[in-house]
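These values consider heavy atoms only, across backbone and side chains, with no hydrogens, waters or symmetry-generated copies. Naming: A, B, ... by sequence-line order, numbering from 1 per chain.
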2 protein chains.
Amino acid sequence: MNLKELATKLGLSPTTVSRALNGYPEVNEATRERVMAAAKRHNYRPNTRAIRLATGRALAIGHVIPLATRHEIMNPIFADFIAGAGETYSRNGYDMLLSVVPDEEEEQAYRDLKSRGSADGVILHAPRMNDPRIPLMHEIGIPFVVHGRATDTALPYSWVDVNNRRAFQRATEFLLDLGHARIGLVNGLEFMDFAIRRRTGYADAHAARGLPLDPALMSSDEMTEISGFRAASAMLDLPDPPTAFLVASMISGMGVRRAIEGRGLTMGRDISVIIHDDDLSYLKNGDDVPIFTATRSSVREAGRIAAEMLLAIITQHGSEPQNRLLEAELIIGQSTGPAPRRA
Amino acid sequence: MNLKELATKLGLSPTTVSRALNGYPEVNEATRERVMAAAKRHNYRPNTRAIRLATGRALAIGHVIPLATRHEIMNPIFADFIAGAGETYSRNGYDMLLSVVPDEEEEQAYRDLKSRGSADGVILHAPRMNDPRIPLMHEIGIPFVVHGRATDTALPYSWVDVNNRRAFQRATEFLLDLGHARIGLVNGLEFMDFAIRRRTGYADAHAARGLPLDPALMSSDEMTEISGFRAASAMLDLPDPPTAFLVASMISGMGVRRAIEGRGLTMGRDISVIIHDDDLSYLKNGDDVPIFTATRSSVREAGRIAAEMLLAIITQHGSEPQNRLLEAELIIGQSTGPAPRRA
DNA sequence: AATCATACTCAAACCGCTTTGGATGCCGCA
DNA sequence: TGCGGCATCCAAAGCGGTTTGAGTATGATT
């Protein structure tokens, strides 16, 4: 059932039917109702392909996911972000287009999205310092929103980000207030922007109290269980081990916990741990009582916000870059406590 | 730059240019090369919207993700499956369309995909017993492939699945051979098809040796760290606790490990554990030496295979339902060992 | 030399919708 | 009575490709 058929069935022209359905004013209210009713009755859905061609809009938002060596992107965080963004898209009649491409084809993937006209905008994931994709988007001329920020980027851009620096600064202060003097940082890969900011927060908190930073207490790796375990193990084996850890994710936190408990220590009593919790739907930090004390910020919510921002930019095109900084909550769980007295 | 412009620039008709680019035989080889070169030079990309309308194909595969209460679907497994499928799509010039919709709109989402012509086929995730989506797909008349199987489904359908029954049967036998007499099953939600099959495998292995099943040793819940912890804790507190666990996922396995180690027991010595490992890119079961003994099957590979199957079905339409049963490997790690002698 | 494939190439229709630029009829008003 | 204005509706022209059905050389065949 297409427009033309519906029109002849109604004894109207396609023009009128189209206008009636799309809420244009130049159609009699009675006629509109008749058309609406007929459309419903015949279960008419306009063909998206035709709409897209006729209007020149893609009605779709692209997400490019490079695969290959770096695993950081197609990760659990990404899945939740997508879920949040996807909700917003479908509520607004947009499709979500995922392009999974080999690393080296990433740039071309963005170009194709534009030149073949299959997306009206894109969301950039996992920005790094001075991310080359931002100038690329400007060159291509496609609306975009970055999930995160890209330090050292000269060009303006819209973004949605968590205040990672502040979150880690607060968490560090919280630990310092509890009397912890040596705090281990189990960070994500530090070419990722968020990891840099978190480290800055950790450093700022130390600096504010005139405390030195010990490189031996700062690690940076992918956020896996194993790397968390390794990093924590190495630090715990130091002659002067930390009494607390600040950990970049729930998953690496699990590895940290394993290292702690494997040494017969108790988390929350002997060693305190604070993690960053992205509030993933399938990786909850406890239900009633949080397991880990955590800086929490829903990545799913970030997805929703980023999507709304992008759609707004697309519709009222030519607007100023927008941005939104989300503050993480500090959730007190069972994994932190006062620093143990020196033996 | 569009077809018509390119054609006039070349002094040819759009017809010829189109044919030259699409490899039709009725065009002079010299002309074709000339066209190809010009296309490259002017960086011409055919407009996808126009192709879709003209050919009537969507050149896209749909994945519908219901959200809301059940968290089982937008989960880490899903992300990896998507990555695998996405690779295949982009290699074949297809787009991946993700529809994230509220639970109650799921059916309508599938219908729209078809009636608005935005997908040539769909992949069904996380099938349950007697899954209503399978008759729905038949009614709608859209090609589809199921990731997993749906027990008790009368209609024929194509699927890609892991031999979950066999995997868990082998794992159980492996534990029994090591002398474990009481094996705890920490299963996923048993309205999911894969969980049912795993339980069957576990039961079959017991039955084959004439061993009874103890309901107290069989749990079923979402596959989270916490629920793994809870299930294992409860079983370990039994008067006659298990000496081994069979666990549905890496994440719940972490909870099981926490329960074990929290009791001062050592995994692999006091208590053996076998998990199912979906070989997720960011949740590796160790790198060189596996942490957990595991039944392993790459869900990403399953994604690739399912996507290929679906594309094949779409191109040579009207073919028989296809299916592919993947066998899981049994990977020996550090979490299993002979049953401890009775005290 | 006439006939006939064969190899190229093109004009035009079409995909299903939107949108421009009229038509048409009716009313109010001078 | 004549005319501008308003409310409705429509024909037709896109959007940018693909595909059908011919047309025109060219060379081979008889």
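At whole-Å resolution of the value, NZ in B:K4 and P in C:dC14 are 17 Å apart. Between A:R32 atom CZ and D:dA7 atom P the separation is 13 Å, expressed in whole Å. Per the geometry, CG belonging to A:N47 stands 17 Å off P belonging to C:dC14, to the nearest Å. Atom CG of A:L12 and atom P of D:dA11 are 11 Å apart (whole Å). Following rounding to the nearest Å, B:M1 (CE) and D:dG16 (C1') show an atom-to-atom distance of 14 Å. Atom-to-atom, CD of A:E33 to C1' of D:dT8 comes out at 16 Å; the value is rounded to the nearest Å. Counting to the nearest Å, the C1' atom of D:dT18 and the CZ atom of A:R49 are 13 Å from each other. C:dC14 atom P lies 14 Å from atom CG of A:N2, rounded to whole Å.
Distances from the side chain of B:L53 to the nucleotides D:dT18, C:dG16, C:dC17 place C:dG16 closest. With D:dT20, C:dT18, C:dT9 as the candidates, the nucleotide lying closest to the side chain of A:I51 is C:dT18.
Under a 3.5 Å cut-off, the side chain of B:S90 and the backbone N or O of B:G86 do form a donor-acceptor pair. Between the B:D131 side chain and the B:R128 main chain, a donor and an acceptor come within less than 3.5 Å of each other. With hydrogens and angles disregarded, no donor-acceptor distance shorter than 3.5 Å links the side chain of A:D278 to the backbone of A:V299.
Contact annotation: side chain of A:T15 to base of C:dT19, donor-acceptor pair present below 3.5 Å.
Contact check, B:S13 against C:dA11: no side-chain N or O comes under 4.0 Å of OP1 or OP2. Contact annotation: B:T31 side-chain N/O to C:dT9 OP1/OP2 distance is under 4.0 Å. Phosphate contact (OP1/OP2 of D:dT8, side-chain N/O of A:N28, threshold under 4.0 Å): present. Residue B:Y24 places no side-chain N or O under 4.0 Å from the OP1 or OP2 atom of C:dC8. Dashed line: the shortest gap from a side-chain N or O of B:T55 to OP1 or OP2 of D:dT18 is not under 4.0 Å. Here B:N22 reaches the OP1 or OP2 of D:dT18: one of its side-chain N or O atoms lies under 4.0 Å away.
A residue-by-residue look at B:R19 and B:Y44 shows that B:Y44 has its nearest nucleotide of DNA chain D further toward the 5' end. Residue-to-nucleotide proximity on DNA chain C shows that, of A:E26 and A:L3, the 5′-proximal contact is made by A:L3.
Taking the six-membered ring for Trp and thresholds of 30 and 60 degrees, B:Y157 and B:F144 have nearly parallel ring planes, at less than 30 degrees apart.
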For the pair B:R133 and B:E107, evaluate salt bridge (Lys or Arg N to Asp or Glu O under 4.0 Å) and give the outcome as yes or no after the intermediate values.
CA-CA 8 Å; B:R133 290 174 294 176; B:E107 181 179 332; over 6 Å; no
